[in-house]
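Just so it is clear, the values below take in all heavy atoms, side chains as well, and ignore hydrogens, waters and symmetry mates. This is a predicted model, so every value here is computed, not measured. First listed ligand is number 1; within each ligand, the first listed atom is number 1.
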Amino acid sequence: MDLYGEIILDHFKNPRNAGTIDDADIIGEDLNPLCGDKVKTFLKLDENGLIQRFAFCADGCAISVAATSIIGEGLAGLSLQELESLENEKIYEMIGVPISTGRVKCALLGISCIRKAIKLYKAENAEKGEKNKG
Ligand code: FES
């Protein structure tokens, strides 16, 4: 097996940050409608609103689990803004493995889950802010 294949297999068999965060600030759930594979992501923020911890659980293919595991390793210390503005090209770079067109949804399942969860979190917070204004 080539090095890329070994990295994917290693992250698939031993996903980093696998699990949940009980007091997570942002929780997301997403699935790939093409295959039904699912992922759930958890983000804990620090007092400055930066990402302190990331965790995920997934029922998915090797690429989706490995990609989420690899991406998750680089999230600590990022702001939500920075995380949201990560282009897909940057995500592919982080994964470090050539992704064929047919596996794009697999590779982006985790990050798309995180992006949706952040969008929802921000919308809810904006709503709360509006209510508090009164
Ligand atoms: Fe379902 Fe990859 S085959 S996410």
Side-chain angles (χ1 to χ4, degrees):
M1 190 184 298
D2 63 15
L3 177 65
Y4 293 138
E6 279 175 31
I7 292 171
I8 291 292
L9 199 63
D10 177 42
H11 276 269
F12 177 57
K13 285 186 174 171
N14 307 295
R16 319 308 191 254
N17 300 306
T20 61
I21 299 174
D22 286 344
D23 60 344
D25 296 293
I26 304 174
I27 301 175
E29 268 184 284
D30 205 1
L31 94 163
N32 181 348
L34 300 177
C35 60
D37 287 346
K38 294 180 196 153
V39 65
K40 193 165 181 179
T41 58
F42 303 81
L43 289 172
K44 177 74 189 159
L45 305 178
D46 68 14
E47 63 280 3
N48 299 313
L50 303 179
I51 293 163
Q52 187 178 59
R53 283 176 59 210
F54 167 75
F56 77 104
C57 28
D59 180 8
C61 67
I63 298 280
S64 68
V65 173
T68 308
S69 169
I70 292 167
I71 293 164
E73 286 193 303
L75 299 185
L78 292 182
S79 68
L80 295 183
Q81 183 100 37
E82 284 170 325
L83 181 48
E84 277 183 302
S85 60
L86 282 179
E87 304 278 343
N88 286 351
E89 290 310 315
K90 181 69 190 166
I91 300 292
Y92 299 142
E93 220 174 88
M94 287 168 89
I95 298 169
V97 178
I99 302 293
S100 66
T101 322
R103 304 311 296 268
V104 164
K105 279 224 181 275
C106 306
L108 298 180
L109 184 62
I111 191 70
S112 99
C113 179
I114 294 168
R115 285 173 180 151
K116 283 182 192 171
I118 292 175
K119 202 176 252 185
L120 203 64
Y121 171 80
K122 283 187 165 178
E124 283 169 3
N125 273 7
E127 208 171 279
K128 276 182 206 160
E130 283 301 313
K131 277 186 189 157
N132 289 343
K133 275 188 206 165

Task: side-chain hydrogen bond (donor to acceptor under 3.5 Å, both in side chains) between Ser112 and Asp30, worked out - done: CA-CA 8 Å; Ser112 99; Asp30 205 1; 2.8 Å; yes
Task: Ionic contact status for Glu93 with Lys90, cut-off 4.0 Å - done: yes
- [ ] State whether Cys35 contributes an N/O/S atom found under 2.8 Å from atom 1 (Fe) of ligand 1.
- [x] yes
Open item on the list: When you measure from the heavy atoms of Ile63 to every atom of ligand 1, does any distance fall below 4.0 Å?
Closed with: no
Open item on the list: With a 4.0 Å cut-off on N to O distance, would you call Glu29 and Lys116 a salt bridge?
Closed with: no
Open item on the list: So, applying side-chain contact (heavy atoms from CB on, under 4.5 Å) with Leu83, which one of Ile118, Ile71, Leu50 is it?
Closed with: Ile118
Open item on the list: Please list the nearest protein heavy atom to atom 3 (S) of ligand 1 with its residue and the distance rounded to 0.1 Å.
Closed with: Asp37 OD2, 3.4 Å
TODO: Using a cut-off of strictly less than 2.8 Å, determine whether Cys61 has an N/O/S atom near atom 2 (Fe) of ligand 1.
DONE: yes
- [ ] Using a strict cut-off of less than 4.0 Å between a Lys/Arg side-chain nitrogen and an Asp/Glu carboxylate oxygen, indicate whether Lys44 and Asp25 qualify as a salt bridge.
- [x] yes
Task: Contacting atoms of ligand 1, where contact means under 4.0 angstrom from a heavy atom of Asn32 - done: 1 (Fe), 4 (S)
